[in-house]
Amino acid sequence: MKKRCIFILNFGLFILISSFVLSCGGPSDGRKIFSLPHVLNTDHPVHKALVKFAEEAEARSGGAIVIKIQPGGTLGNEQELCDNVSNDADAFTKISSTILETKADLAKVYSLPYLFRDEEHMWKVLDGEIGRELLDMALEQNLKGICYFDAGARSFYTKKKVESPGDLQGVKIRVQKSVMMQKLVETLGASPQQIAFSELYTALDTGVVQGAENNIPSYYTQRHYKVAPYYVFDEHVCIPDILLMSASRWNQLSPEEQAVIMESAEAAKEFQKELWKKDNEEQIKKMEAEGVAFTRLKNKDAFVEATKAIYDEFQGTEIMKYVERIRSVE
Ligand code: GCU
């Protein structure tokens, strides 16, 4: 009787533990569960593309690959998230590629002002040979580039109207954790302040900075337009977002699983390209209705001229070779 009781107890315990392991998706059920933290809000088109990426990966792997997205910067700023993938603490992250500067000098290429002629040129470069080479620029730091996402063009937005570099003199402008972005803002005569993305609303609201620069979806989804309602389309840089995976985890995947990741990323990227245009237009209309003043410049010459000197220090470097190759892409 006693033995029977012990057997029933052990069997019950076994069932309990097994169902717990299953619900957690532990290794015993064969599923691979990966984390993907990032800093954007859930209404941002890049977040929506990441959701699509996770859905595609789960469907294409028959449920064997599960990607858990943690939005909103709850797990850290972009530099920390990048470090976490590099150290293998997280499997994936999505960051602005300018953050990769701390891992690979070549990341500076994408932060150069007025590098691309237009959006079509940018995608030809990103989808082509150069883009593919640069995806893996930080492989030695355990960072495998999976794909780019459209992050459009970055423009200035401020508490007071700005129409030319002259209006930016001495104005405190938030920048990302990037030497290149710091230089760019300095070159224009403004005063760069490095502040994490999630802290920017408060910094603008309390006047720690009087402006920032970003694309339309980030300006809108972070509600920055409420506290800095002047947006000038100077479009000084087009820095793509990049989806990164820990290279060591990538190497642990089978060729079939690697194909699932790449095909899912491709599907998510194409989905996001369309969504980006739609969201941009809708968000501009919504902000205009709320009184945001958008300045559409007749030409950007004053900004182009004022930022040209940034290229000087790169003459004769590997970075400049990339610039020349990018410029020659028709
Ligand atoms: C872009 C980019 C984000 C980044 C943000 C920033 O919106 O998509 O990844 O965090 O810029 O300025 O920090």
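What's counted below: heavy atoms across the whole structure, side chains too, no hydrogens, waters or symmetry copies. As the structure lists them, so they are numbered: ligands from 1, and atoms in each ligand from 1.
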**Student:** I'd like to know whether the aromatic ring centres of His121 and Phe116 sit less than 6.0 Å apart in this structure.
**Tutor:** yes

**Student:** Residue by residue, ordered by chain and number, which ones reach under 4.0 Å of ligand 1 with a heavy atom?
**Tutor:**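 Within 4.0 Å of ligand 1, protein side: Val39, Leu40, Glu78, Lys94, Ser96, Arg154, Arg174, Gln176, Phe197, Asn214, Asn215, Ser218, Asp241.
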
**Student:** So does Glu140 have more than 12 non-hydrogen atoms from other groups sitting under 6.0 Å from CD?
**Tutor:**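 At most 12 heavy atoms, drawn from other residues, nucleotides or ligands, come within 6.0 Å of this atom.
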
**Student:** Return the set of residues passing side-chain hydrogen bond (donor to acceptor under 3.5 Å, both in side chains) with Gln141 (not counting sequence neighbours), or none when no residue passes.
**Tutor:** none

**Student:** Okay, side chain of Asp150, backbone of Gln272: is any donor-acceptor separation there less than 3.5 Å?
**Tutor:**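 Side chain of Asp150 to backbone of Gln272: no pair is present.
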
**Student:** Less than 6.0 Å separating the ring centroids of Tyr220 and Tyr225?
**Tutor:** yes

**Student:** Cation-pi between Lys161 and Tyr230: NZ/CZ under 6.0 Å from ring centre and within 45° of the ring axis?
**Tutor:** no

